[in-house]
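Presented below is the structure to which this report refers.
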Amino acid sequence: MGFAFAAVAIIVLVVPEASTQTAAPDSRNVPARTVPVPNTVSPEMQALIAAPLSANWNVAPKSVDEWRTLSAASAGRGLPALRERFGVKTEALTVNGVNAFMVTPQAVPPENRNRLLIHVHGGCYVLSGGEAATTEAIYMAGFGHFKVLSIDYRRPPDAPYPAALDDGMAVWKGALKMADPKNMAIFGTSAGGALTLSMVLRAKQEGLPLPGAIGPGTPMSDLTGTGDSFSTNFMVDNVLVGPDGRCDAMARLYANGHDLKDPMLSPVYGDMHGFPPTILTTGTRDLLLSNTVRVHRKLRQAGVEAELHVYEGQSHAQYMRDGSAPETKEAFEELARFFGKHLGK
């Protein structure tokens with residue numbers, strides 16, 4: 001007994017002082033290195049990973065007119081062929097004064113007939129307006145066989161924050177008249193992922209019914225530039241490439257001088273207690289990997305059922321860059337599986 005006590009006493013004496021433990025750690029210098037394309041992904045994904053860095057990642061418009069040109073609605077590229085390939089049709093409509101598109105698969109299975117997905121497109125709050133907004137919705141309708149209502153929200157410079165969020169909420173209120181909220185999910189990628197999270201925060205704030213599940217993909221959940229992967233994946237992500245680039249300039253344009261830490265702009269700072277089941281998607285090279293991981297941890301700390309799917313080698317939102325890639329099919333079928341599990345019928 002005496003020997004055991006002595007051993008414990010020695011251990012206590014060698015514990016470092018608290019001041020040493022809390023000292024700020026040094027940054028790590030990483031030598032220049034070559035990052036090979038992984039051979040653990042499909043040839044289609046290898047081609048995306050091997051592509052050069054986005055040439056305009058840090059080039060932003062300098063005038064309001066240039067911003068308006070960038071923000072203008074577009075018919076998108078190759079959408080008729082994409083709709084034909086996935087067997088879906090798109091119908092333009094207005095929901096509570098907001099432009100939207102209903103994307104409907106040719107065959108809707110019985111379990112999905114009373115279900116409706118609400119899609120919030122990405123594009124750093126500025127890009128992909130008009131019919132161009134529907135690409136991700138087409139994938140979801142095609143792979144998942146759900147009806148998808150895609151929101152064509154207003155964009156800056158003429159409609160900064162909170163226009164996009166207001167439009168999302170107007171459509172959500174309209175959708176509540178179309179389907180039971182327990183039968184609906186909200187999903188989107190990048191800015192659309194952040195808006196998905198902010199819509200739930202706003203619905204909680206307004207006392208509105210919440211969806212049965214959500215799917216924020218690689219969300220722009222923190223506009224303050226906080227997060228490990230802004231450093232670790234700098235120049236590794238070939239889509240966003242680095243912080244304080246073109247996408248961040250668009251986000252600042254949208255924020256229009258508001259506090260970037262406001263949870264309605266950076267939802268990772270919001271109260272996520274009571275959130276519906278959530279599936280998050282990102283990639284190992286994604287500049288917003290940390291934004292996605294931090295949301296996942298925040299949800300789990302709040303007791304919310306949440307899945308985090310991290311795809312090999314992918315930069316920002318590359319799971320939806322090529323409809324023929326097996327990884328695209330896998331990502332959207334994972335979303336469909338999750339929604340199928342959690343939505344009512």
Side-chain angles (χ1 to χ4, degrees), residues 42 44-45 47-48 71-95 98-124 126-155 164 167-168 171 174-175 178-179 183-193 195-196 215-218 239 279 281 317-340 343:
S42 70
E44 293 87 349
M45 189 54 62
L48 290 173
S71 177
S74 164
R77 290 181 293 180
L79 290 184
L82 193 67
R83 288 192 294 268
E84 182 177 359
R85 176 182 167 192
F86 282 97
V88 305
K89 65 178 182 179
T90 300
E91 175 190 3
L93 70 161
T94 303
V95 181
V98 178
N99 293 332
F101 297 89
M102 185 67 78
V103 184
T104 308
Q106 289 176 355
V108 178
E111 63 270 20
N112 288 344
R113 286 176 188 165
N114 295 321
R115 291 169 167 171
L116 178 65
L117 306 186
I118 309 301
H119 169 243
V120 195
H121 71 82
C124 302
V126 173
L127 305 174
S128 299
E131 202 168 356
T134 62
T135 301
E136 186 177 21
I138 291 170
Y139 287 149
M140 193 68 243
F143 285 122
H145 308 291
F146 290 94
K147 292 174 289 184
V148 181
L149 180 59
S150 183
I151 306 170
D152 183 16
Y153 54 80
R154 291 169 294 159
R155 299 169 303 285
D167 287 355
V171 171
M178 302 177 187
N183 296 357
M184 292 193 285
I186 304 174
F187 76 103
T189 287
S190 193
L195 284 166
T196 295
T218 179
V239 177
I279 178 171
T281 309
Q318 282 185 326
Y319 58 83
M320 54 171 285
R321 302 280 176 180
D322 182 352
S324 64
E327 290 86 353
T328 301
K329 182 175 187 290
E330 182 178 1
F332 283 94
E333 287 184 347
E334 286 283 11
L335 281 170
R337 174 197 58 78
F338 190 84
F339 294 157
L343 298 187

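- Here CE of M140 is found 6.0 Å from CZ of F339. Values are rounded to the nearest 0.5 Å.
- Evaluation of the side-chain hydrogen bond (donor to acceptor under 3.5 Å, both in side chains) test over residues 127-140, restricted to residues two or more places apart or in two chains, returns R83-E131, H119-E136, E136-T189.
- The two atoms that bring T196 and G188 nearest to each other are OG1-N, 3.6 Å, heavy atoms only.
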Exercise for review: List the steps, then state whether side-chain contact (heavy atoms from CB on, under 4.5 Å) holds for L195 with I151.
Suggested key: CA-CA 11 Å; L195 284 166; I151 306 170; over 6 Å; no
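- Closest non-hydrogen pair, K147 versus T104, comes out as CG-CG2, 4.0 Å.
- Closest approach of A100 to V95, counting heavy atoms only: CB-CG2, 4.4 Å.
- Of the possible donor and acceptor atoms, one in the side chain of T328 sits under 3.5 Å from a partner among the backbone N and O of D322.
- Side-chain atoms of S190 do not come within 3.5 Å of backbone N or O of G192 as any donor-acceptor pair.
- Atoms OG1 and CD, from T281 and E330 in turn, are 10.5 Å apart once rounded to the nearest 0.5 Å.
- Interatomic distance, F187 CZ to L117 CG, rounded to the nearest 0.5 Å: 5.5 Å.
- At a cut-off of 3.5 Å, with distance as the only test, a side-chain donor of S42 or E327 sits close to an acceptor on the other residue.
- Going from atom CZ of R321 over to atom CG of L48 covers 8.5 Å, rounded to the nearest 0.5 Å.
- Closest approach of C124 to A191, counting heavy atoms only: N-CB, 3.8 Å.
- Among all heavy-atom pairs drawn from T218 and A317, the shortest one is CG2-N, 4.0 Å.
- Side-chain atoms of R337 never come within 3.5 Å of backbone atoms of F332 as a donor-acceptor pair (strictly under, hydrogens ignored).
- Looking at D152, its side chain does come within 3.5 Å of a backbone N or O of G130 through a donor-acceptor pair.
- To the nearest 0.5 Å, the span separating CG on L149 from CD1 on I118 amounts to 4.5 Å.
- For the residue pair A141 and V88, the shortest heavy atom distance occurs at CB-CG1, 3.9 Å.
- Within the 4.5 Å cutoff, side-chain heavy atoms of V239 are placed close to those of Q318.
- D167 contributes a side-chain N or O that, together with a main-chain N or O of R154, makes up a donor-acceptor pair within less than 3.5 Å.
- Judged as a side-chain hydrogen bond (donor to acceptor under 3.5 Å, both in side chains), the pairs with a partner in residues 105-118 (not counting sequence neighbours) are, in order, N112-R115.
- The distance from the CG atom of L93 to the OG atom of S150 is 10.0 Å, given to the nearest 0.5 Å.
- Using a distance-only test at 3.5 Å, with no hydrogens or angles considered, a donor-acceptor pair links the side chain of R155 to the main chain of Y153.
- A 4.5 Å side-chain heavy-atom check between L116 and F146 finds every atom pair outside the cut-off.
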